[in-house]
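Beneath this line is the structure, given in C-alpha cells, with notes to follow.
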Amino acid sequence: MGVKDNNTNKNHRKSFFYYYGIVLLVVFLLNTFLVPQMMERSVREVSYDQFLHFVEAKQVGMVYQDGESLMFTLKEDVEKEWGVTAYKTGLWPDANLTDRLLDAGVVFSQEIVTQPSLLSTIFVQWIMPIVLFVVIGQLLGRTLQKKMGSMGNPAMTFGKSNAKIYAETETGKTFSDVAGQEEAKEALKEIVDFLHNPQKYAEIGATLPKGALLVGPPGTGKTLLAKAVAGEAHVPFFSISGSEFVEMFVGMGAAKVRDLFKQANEKAPCIVFIDEIDTIGKKRDGGGIGGNDEREQTLNQLLTEMDGFDGKKGVVILAATNRPESLDQALLRPGRFDRRIPVELPDLKGREAILRVHGKDVKLESSVDFNSVARAASGASGAELANIVNEAALRAVRMGRSVVNQSDLEESVEVVVAGYQRKDASVSKNEKRIVAYHEIGHALVAACQSNSAPVHKITIIPRTSGALGYTMQVEAGERFLMSKEEALNKIATFTGGRAAEEFMFQSITTGAANDIEQATKIARAMVTRYGMSDQFGMVALETVNNQYLGGDTSMVCAPETAKAVDDEVIAIVKAQYEKAMGILKAHAAKLNELSEYLLERETITGEEFMEILQRE
Ligand code: ADP
Ligand code: MG
Ligand code: ZN
C-alpha cells in the first residue's frame, strides 16, 4: 500500500509540473509569435488613393517618411480598426503633396511609434496568461480530485466525499466468495435481511444496530466481507476508507463526513462502509499542543452524524479495523458501533475452505490435497492463503506445467512463510554442515519430547528471507490451547538448534537469533500473561497493546517486579536449553547420522527423518 501511495503522490506532482510546463510554453509562444505579429498587424498598409482620401477628409494626424514609404496615423477621434495604430502607403511622385498635407493640418513627424495599443498589449501579455493559468489550474484541481477520490463527480467536489456508490455488479463479490468466517457471515446476513424486509423487524418492535464493526487481523477478509454484503444486499453501497477523510485542508474531513451521510440519507435503505476506521476513530487525547484538531473534528462529525439519523430508515454503517483497542470509546457505545463482529484468523477448516475458494480460479491436478496444505499453512491469513494459491500457479508456469500440483502448493507455502529458495547463495561447505546440525538439533529435540508437533520437513536450502534452513513442524489437527508442558517443550525445541551447534562444534553462531527471540517470547508470555510461573501465579504483568498487529506488550508492574520477571524468563529458557542439550547428548549418534543425511540431501521429509530416527 505504502508503495502505491507514494506512486500516486509522485504522479500528482508530475502532472502538476506537466501542466505548469504547458502554461509556460504557451506564454512563451504567445510572446515570441503573437506579440510580434500584433506589432506587425498594428501597421496597416493602404493604397495611395485611400491615403489621399484620409487627407481630404482631414483625418490624418501625423506623417513620417520612412524611406520609400509613408507612415501616417489617423486623428484620435477617427474610428480605426481594432489594434491598428499606424498606416503605411507607397510614396508617389506628387509635387503638391506637401501643400496638401499642410492644408489638411497634418503634423510632420520624425518618427511614428508603431506599437500596438496599450490595451491589446495588456491583453496579450497579462490577461491571457492569467486566464490560462486559472483555467489550467482548475483543470489540474479536478484531475487531482479525481485521482484522490479515484471516482466521484468531477464537478466542484472540494470537500465533498468521494464515497463510491457500489452497485452489486461492481463489487462482484457475494458471501460465497468468503470462505470460513461463518459467524461473521451470519451476523452480516441479518443486516442484509433487515434491509430487505424491514417490516418483519418493525412488526416485532426490533431495531437493528446502526453500525457493525468488523475487527480482526489484517488479511482476514474484512473488506471482502463488506463487499460481499454489498453484493448481496441489492441496495446502494457507499464505501470510503478512513484515510480518505484525512484531508489536505482543515475542516475538509468533517465536511466529507457530513456529505457522505447526506448522500446516504437520500439513498436509504443503503449501506455505508468505512474501511480502516482507526485512521479517524483513534482515541482523542486531551493533551498535546495543537493536538490533531483535524482528525478530532472529523471524528466528532462522524459521532454526530451517527446519532443524527433515524435507525429505522435503513442506513446501516459497517466499519472495519485491525486496531479496535485504539478506537475512541465514544464510537463503541450503544447506538453507534454497538455490534462487534470478530473476523479472526482462519482455523484449519477455514484455511482449507479458503484454499478451495481460491483454488477454483486456477487449474488444479485432481489429486491435490488441500487439507495437508492447510495444515502446513498454520497461522496464515486469508490473504496469505490466496497468495499461496497464486504462487503455486506461478510456480507451475515456471516449471512449464499447465496444471497446479501438490508440490507447487507445498513449495509456495514455504515461499510465503520463508521466502523464495536462494539456489545461488554460496554457503560454504562448513557453514552448511553447521546449519544441518542446527536444524537436526531442532527436529531431534522436538521428536524426543512428547506433546510436540511432528516434524514435517527439514531443509538447508537458503531462503530469500535470510534463513539458511528451517525445520517445519505441522500439528495433526487444530490446537486452541497450549499446556504449560507444551510451552516448555516449544522453548526446548527452539533452543535445540543452538544446543546442537555447541555440542558438536564447541562454538556457537549467529544463526540462532530468531530462535532466541521466539523462545524468549514464549517464556515471557508464560510468566507475564499465562500465569504459568510458580513465583507470580495468576497475575497479569503485561498487557497486549494491539492484539491483531504484532501484539507488542507493555509492562504493568513495578520496576522490581519487572526485574524478577526477567530473572524468571532467563531461568526458564536456561532450563529448557539444558533439557535440549541432554536430549542431544543422549542421541548423539542419531544427531550425526541425521545431520550427514540432511547435508547430502539438503531437504528431507518428516517420514525420512522418523525412519532414520527409529532405525536400530
Ligand atoms: P482485510 O480487509 O481483513 O485486511 P481483505 O478483505 O482485504 O482483508 O482480504 C484480502 C484478500 O484475502 C481478499 O481479497 C481475498 O482474496 C483473501 N481472503 C481473505 N479472507 C478470505 C476468506 N475468508 N475467504 C476467501 N478469501 C479471503
Ligand atoms: Mg481491509
Ligand atoms: Zn534454528
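Indexing begins at 1, ligand by ligand and atom by atom, following the structure's order. Residue numbers start at 1 and run along the sequence shown. The figures that follow rest on heavy atoms only: side chains count, while hydrogens, waters and symmetry mates do not.
Residues F238 and K267 have side chains in contact (heavy-atom distance under 4.5 Å, counting atoms from C-beta outward). For the pair S412 and R395, the minimum side-chain heavy-atom distance is 4.5 Å or more. Between L214 and F337 the shortest side-chain heavy-atom distance does not fall below 4.5 Å. Using a 4.5 Å heavy-atom threshold, the side chains of V357 and V178 count as separate. At least one side-chain heavy atom of I460 sits less than 4.5 Å from a side-chain heavy atom of K432.
Residues E568 and R524 are not paired through a salt bridge, judged by the lack of any N-O separation under 4.0 Å between the basic side chain and the carboxylate. Between R375 and E352 there is no salt bridge, since none of the side-chain N atoms of the basic residue sits less than 4.0 Å from a carboxylate O of the acidic one.
Contact analysis leaves K227 out of contact with ligand 1, as no non-hydrogen atom separation drops below 4.0 angstrom. No heavy atom of A320 sits closer than 4.0 Å to any atom of ligand 1. At least one heavy atom of G219 sits less than 4.0 Å from an atom of ligand 1.
Contact atoms of ligand 1 toward D177: 24 (N), 25 (C) (distance under 4.0 Å to a heavy atom of the residue). Atoms of ligand 1 found under 4.0 Å from any heavy atom of T223 (numbered from 1 in listed order, with element): 2 (O), 6 (O), 7 (O). Interface atoms of ligand 1 facing P218, defined by a heavy-atom separation under 4.0 Å, are 4 (O).
Among all non-hydrogen protein atoms, the one lying nearest atom 14 (O) of ligand 1 is L224 CD1, 4.5 Å. With hydrogens left out, the protein atom closest to atom 18 (N) of ligand 1 is G382 C, 3.6 Å, a heavy atom.
Contacts with ligand 1 closer than 4.0 Å are made by no heavy atom of L385, backbone or side chain. Of all the heavy atoms of I354, the ones lying under 4.0 Å from any atom of ligand 1 belong exclusively to the side chain.
Within a 6.0 Å radius of NZ in K521, other residues, nucleotides and ligands contribute 12 heavy atoms or fewer. Residue-environment remark: CD (E517) stays at or below the threshold of 12 foreign heavy atoms within 6.0 Å.
For D515, the N, O or S atom with the smallest separation from the Zn ion (ligand 3) is OD2.
Among the atoms of V178, none of the N or O lies under 3.5 angstrom from an N or O of ligand 1. Polar contact with ligand 1: absent for Q181 (N/O pair, distance under 3.5 Å). Between A179 and ligand 1, a contact under 3.5 Å exists for at least one N or O pair.
Across the listed options K185, H358, K222, K222 owns the non-hydrogen atom lying nearest to atom 3 (O) of ligand 1. Among G350, A383, G221, the residue whose heavy atom lies closest to atom 8 (O) of ligand 1 is G221.
At least one N/O/S atom of T223, from backbone or side chain, sits under 2.8 Å from the Mg ion (ligand 2).
Aromatic ring pairs are classed by plane angle as parallel below 30°, tilted from 30° to 60° and perpendicular above 60°; the pair F237 and F273 is parallel.
Checking each of I491, I572, V569, L488 against I522 for a side-chain contact (heavy atoms from CB on, under 4.5 Å) leaves exactly one that passes, namely I491.
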